[in-house]
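Working notes, structure below.
The sequence lines fix the lettering, A, B, ..., with proteins before strands; numbering per chain opens at 1.
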Amino acid sequence: MGASETATRIAELRRRIEDANRRYHELDEPDITDAAYDALVRELEALERAHPGLADADSPTRKVGALPSGRFAQVAHALPMLSLGNAFSDGEVADFVRRIRERLEREDLVFSAEPKLDGLAISLRYEDGAFVQGATRGDGATGEDVTANLRTISVIPHVLDGDDWPKVLEVRGEVYMARADFERWNERARLHGGKVLANPRNGAAGSLRQQDPAVTAQRPLSFFAYGIGQVEGGSLPETHSATLARLRDWGLPVSDLATVVHGLDGLLAYYARIGAARDGLAFDIDGVVYKLDDLAGQREMGFVSRAPRWAIAHKFPAQEQATLLESIEVNVGRTGAVTPWALMRPVQVGGVTVTRATLHNADHVARLDVRAGDTVIVRRAGDVIPEVVQVVHAQRPPGTVPWSMPAACPVCGAEVVREEGAAVWRCSGGLSCPAQRVQAVFHFASRRAMDIDGLGERYIESLAESGHLRDVSDLYRLTLDDLLDMKRRADERDGTTPETVKAGKVPTKWADNLIEAIDRSRGTTLARFLFALGIEHVGESTAKALAQWFGDLDLVRHLPWPLFKRVPDIGGEVARAIGHFLDQAGNQAVIERLLARGVRIRDTHAPNPLLRDGLDLATLLVDLEIPKVTAVRAAQLASAFADAQALLDAPVQDLAAAGLPAETAEALAGWLEVEANASLLLRSARALAELRARLPERGEQAAGPLEGKTVVLTGTLSAMGRDEAKDKLEALGAKTAGSVSKKTSFVVAGEAAGSKLAKAEELGIEVWDEARLLAFLAQHA
DNA sequence: ATGCCTCGAGTTCA
DNA sequence: CTCGAGGCAT
């Protein structure tokens, strides 16, 4: 970089940092992430160090934070509130420790370590044990008087406990909003139209800045004390840790994660420990803070311009980062759902490189107002999946255009349509769309469906392109040659042909394995088979229910849709979707071919005798969803007519004679006149009779020990996988659910159980550890 | 009609 | 995991 370029860069950095300061402190609307801000400051500091001639007394590196906004009275801090230097790596922490060791000429250093809350730094002034004034940090020397607002925070004592406090005591600490409080607040705000807060930090800052303390009082704010400022007329202990203990004695909240550690190893171990616990903490933190514990040492170390030399903030890798959104593409899913996703310039977030993130649906894109060319903020929240949180509107380049859903499917060109009132847009191409076909096969082969190991999306695509795979039944007639041909094409297409293949050596082991995996999948269960078909609304759980209640593929595949409503948790929508799927000749043909090519269902059994209760004409009439025909009317009809045929043959006046109001009789007659309705009624009645005939006597089925129990699994089990545990519990009659509610019988918690365990404790639901589960399984094996 | 509670579907990276 | 939406009890 030349001298003039350096000067330009320095000016640019100063301008951007000042702008960010203004937004952060005065507007409570940060437009860049903390990590990006830190990076700017560090770059500027480095340049200024390297080019002392370009230093400037007005540079933001010489100030701490921005000037107060002026809406509150100003308060000069008796002792300045300083910020901390940052460390982003173990090396920087080691440098920090080394600097202290060298200056103090001491080997064994004792530090006080504590989490660094993501909130708002404030100072509380107590005189004669009474809270008299509270102020924000402001620029470090002068802050804003927010005493009235701070008084509304219940954990801040108005009067200190005990009587051994100094006459004047300034307590430094952080006002924050706990995550659960933040969530609860926003939930209510969305429901009842209050102010929705962007994140806990902004929530805390904004709440403390209210002109009306009554508004602040509504906000769920908390506080932790972490240090002291001015002290007069009394003395405090000579170590930081003892000072914290004293503050706690006086009734001030101090984080119980604050502790004393020894040397560099102690610091790094603390960092690792808090980092591991981070997601489970009740509040957001962005790092940990280390302070030399003895005050004599602190005094000896002193300060550099804007921070103490005896303390440092060790930051966690950012979980939020800004990056450039290069384009918005769309994906076509198994059901034809067209979902937009963001393609971004690679960025490190929470330790992994993120390049893509889902944008869910068109409404979501519109809500975020995100466009190609935007700078966006990406987050990896508690889980792994990255998410675009926010657009930095201030950094939008000119000439961007709002994104819109393409009118045609990018894969097959069919029209993209949206159902009335629905959120998702779908490709109308159905199975003639190659993308939907590929996804359908991928789903069929997936682990929870037919479990064909080794059949990935890339292979399926290639098989479909070359015409070897038109539908899932073709899987069962693939030959070794088909697979080798497919692989050759795929490698050519992607330019991934291995050198060994070019040299004439064609590996076939993988193909043998795949053929074997396909063959193994021929023996399957009814639940897996039904799930694998990919019927709309039929996921794993509904497929299991269908299998359990009907027990036989031949029965299921010829059942008219109203009969499916006899299964608990299947209503009109789902029943119709199943019926619609089965009504299509093409789908029946696929099932036929699957069976012809060797797929065998191994757990066929008689229908569940509990079905008996709903297998009558009255229930059928309700299930058919005939306009105006309620349960009461259906019962009247069922007792007045011998069977469905009799009902069908009845003239309107007979219907009325059965006790129906004229309006209902007419609606029913009109419905019966439609040919399709009449035949559905007859088909359903026949199916009902057949199903009835197949029902076994209501006998005492071997009820499992967990019959009627709903179990939720969470965390990692060591002795078995989650799926295995799930199967075993279900074999004993339990129902396994994905989330904890008051209906949950008990929760099995493995290692590192998270929110579900917390929820269980909150609801007072029984929790089993792995040992208890194993013991139970062993006992009932 | 309203408010749980579940299920289904789509999704990321190593 | 998170959203949206279906099922069902109230």
Spacing of A:K742 atom NZ relative to B:dT6 atom P, expressed in whole Å: 10 Å
Residue A:T542, side-chain atoms from C-beta onward, closest of B:dA9, B:dT11, B:dC7: B:dC7
A:T335 vs B:dG8: side-chain N/O to OP1/OP2 distance below 4.0 Å: no
Below 4.0 Å: OP1/OP2 of B:dT11 and any side-chain N or O of A:N331: yes
Plane angle bin for A:Y271 and A:F316 - parallel if under 30°, tilted between 30 and 60°, otherwise perpendicular: tilted
Interatomic distance, A:L343 CG vs B:dT11 C1' [rounded to whole Å]: 15 Å
Under 3.5 Å: donor-acceptor pair, side chain of A:R528, backbone of A:R447: yes
Whole-Å gap separating P (B:dC7) and CD1 (A:I578): 15 Å
A:E573 CD to C:dG4 C1', straight-line distance once rounded to whole Å: 13 Å
Atom pair distance, as rounded to whole Å: NE2 in A:H364 and C1' in B:dG10: 13 Å
Distance below 4.0 Å between A:S541 side-chain N/O and B:dT6 OP1 or OP2: no
side-chain N/O A:T355 vs B:dT12 OP1/OP2, d < 4.0 Å: no
Distance below 4.0 Å between A:R356 side-chain N/O and B:dT11 OP1 or OP2: no
Separation of atom CG in A:L546 from atom C1' in B:dG8, rounded to whole Å: 14 Å
N/O donor-acceptor pair under 3.5 Å between A:D569 side chain and A:T542 backbone: no
Candidate nucleotides B:dA9, B:dA14, C:dC8, ranked by approach to the side chain of A:E536 - the nearest: B:dA9
Between P of B:dC7 and CD of A:E540, the distance in whole Å: 10 Å
First encountered from the 5' end of DNA chain B, between A:V740 and A:W341: A:V740
A:S428 side chain to A:E415 backbone, donor-acceptor under 3.5 Å: yes
Protein-nucleotide distance (A:M344, atom CE; B:dC13, atom P), rounded to Å: 8 Å
A:K743, nearest nucleotide to its side chain (from B:dG10, B:dT11, B:dC5): B:dC5
A:F564 and A:F550 aromatic ring geometry - parallel, tilted or perpendicular at 30°/60° bounds: perpendicular
Touch class at under 4.0 angstrom, heavy-atom based, for A:V354 against every strand present: sugar-phosphate
Sugar-phosphate, base or nothing in reach of A:H537, heavy atoms under 4.0 Å: sugar-phosphate
